[in-house]
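Everything below concerns the one structure shown next.
Every number for a ligand or one of its atoms is a count from 1 in the order of the listing.
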Amino acid sequence: MRTTNWMVTAALLVSLSAAAQQAANSPSPAPASAPDASRGSQSSQQTAAPASQPADAQSAPVAQPLPAPAPTTMEEVVNLFIQHEHDLIKMLAKRTPIVETYLQNLSLDPQLGPVPSEDHYFLGRMDMGETIDRKDYLKEQDKSMEQRLMGGFQKLYKVQYQPLGFSWMIYADRTDFDRNHYDFRYVRREFLGDVLCLVFDVTPKKDAGRGRFLGRLWVEDQSYNIVRLNGTYNPAPRNSYFFHMDSWRLNLIPGYWVPSFIYSEEGDFSAGAKNKMAFKAQTRIWGYDLKRGNKDDELTQIRVDSVTDETPANQDASPLQAERVWQQQAEDNVVERLVGGGLLAPEGDVDRILQTVVNNLEVTNNIDLPRPVRTRVLLTSPLETFSVGNTIVISRGLVDVLPDEASLAAVLAHELAHIVLGHNLGSKYAFNDRMLFSDDTTYQNLGFRHIPEEEEAADKKAVELLKNSPYVQKLDNVGLFLKALQARAPALSALLTTHLGNPLSSNGTVTRLAALSTQGPALDNAKLDQIAALPLGGRVKVNPWDDKAEMVKTAAVAITSARDKMPFEVTPFFPRLSRYGASAAPAAAPATAAATPNPGTPGSN
Ligand SMILES: [Zn+2]
């Protein structure tokens, strides 16, 4: 059963690199199992057009494009990738993936360079079937430049399942990507990860109209699909502004490269620069294979595991057993509902690592619970943990920024303490009617916040659990992490705004595990070997098609200045691209690349 193999996880987690670049050759989980295989139905309809199944569009099998004869000229290559772009737009038109944008406004710190001064968070589902008129988002002339720029984002958050302004960054041009509107110029060949690409510069024709793509495309050299777009839109209407973007796609299903990560950045901190606005933002897209949530679907999604099977036959449940079964039922309902809504990763690799850390705490504290404690990953960026029944949930963003295993143990210990103390929340979700809500209202319908007294008790118990554990030697690191979080907390209120659990801070002051925050050395930016917290995105990678999460395996990159540390910060994406089914990692990771000024692999020939 339980083991104390904490040495193993230590090896996995203890890497203290702040900016780890390369995603790995991981033994990948089956990437994006073809939808027809996972659903086990419609075997005779392998190539049914999505349009023929309007009721359940998302589960329709994805028709693979027919292989085209190999092009012999660059003109033919251009024709092919234009055609494939139209095929992609059509294939994704029935999908409603989740889109998350996390944006940090920047100001200049003399020592650390541009640092976050405030932040914004947006989460929604995007209907990829709607035609977007980009100009719609540029009409509000009375607003400030920043508000206009944000217009699309705000709609994204508030109007879910509606056309979203910034889907313009997913495609070069949703409606007019053709030779009548654009000139294409071949530049060179270049490797992105394992994939050899042809690079093209794209410029709009003279009278092509406003808001046309201007920049560079990378096209893979086997089927000629666009795998990366980098540039902006031009010309902007008067008094308006298009920002720059670097948009990456992954080969998650056969024949298609699916939009997955977008990095945007603006700001000029050179002496005498006029543009005062500066920000950086990460947009992640996932949940492509989620079913469109209608009521019928939701009813079939609610499956209560028959835990009673585990009890001996011919035996009635005692009142205590009944209570436990009831709690298990609520827990299963909530977990299933969160997975169905695209907020929780399916059970996977990361859970096993989290589970090991929890086991280490349990074994060394002689905790023996009637039901095992499980762990799951919330797919979103804001830093939060919560527990429902015996399931501990931790957000992807929080796993990303934790510097080491002891810090991970500390945040998990708080939730384990709630479980040990019997602070069970959420048993009301054992009533199935409470699970009948649409995906976009998940945050309004679920909540796992404890009263302040329980929070205090859990923190106290957590410190006790940690002091009996193998992590007792490393509590200085936990203290350092809490200090780093405190230093950035006033500027990162969106990252610290929790949606389901208790926040780690209150009014800009970190409250979680406060007893440990005085532990350890003082925070010192100048000390390059002191890594108190990591940038976002360096630990967990998510497959945008099937939502599976796995640990990024990165090589350590030397930190050469205080500016390389970037605790809690947004960095550019630089996923290691590979082809679907290749033995290397198919779902490449959004590795942080801030220390790499020119991410383009110079493999030209
Ligand atoms: Zn708590």
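The distance from the CG atom of Leu338 to the CG atom of Leu446 is 5.5 Å, given to the nearest 0.5 Å.
Backbone or side-chain N, O or S atoms of His450 do not reach the Zn ion (ligand 1) at under 2.8 Å. For residue His423, no N/O/S atom approaches the Zn ion (ligand 1) to within less than 2.8 Å. The distance from the Zn ion (ligand 1) to the nearest N/O/S atom of Glu455 is under 2.8 Å.
Closest heavy-atom contact between Val570 and Gln282: CG1-CG, 3.4 Å.
Of the charged side-chain nitrogens involved, at least one lies within less than 4.0 Å of a carboxylate oxygen, so that Glu331 and Arg371 count as a salt-bridged pair.
The aromatic rings of His418 and His414 lie perpendicular to each other, with more than 60° between the two planes, well past the 30° mark.
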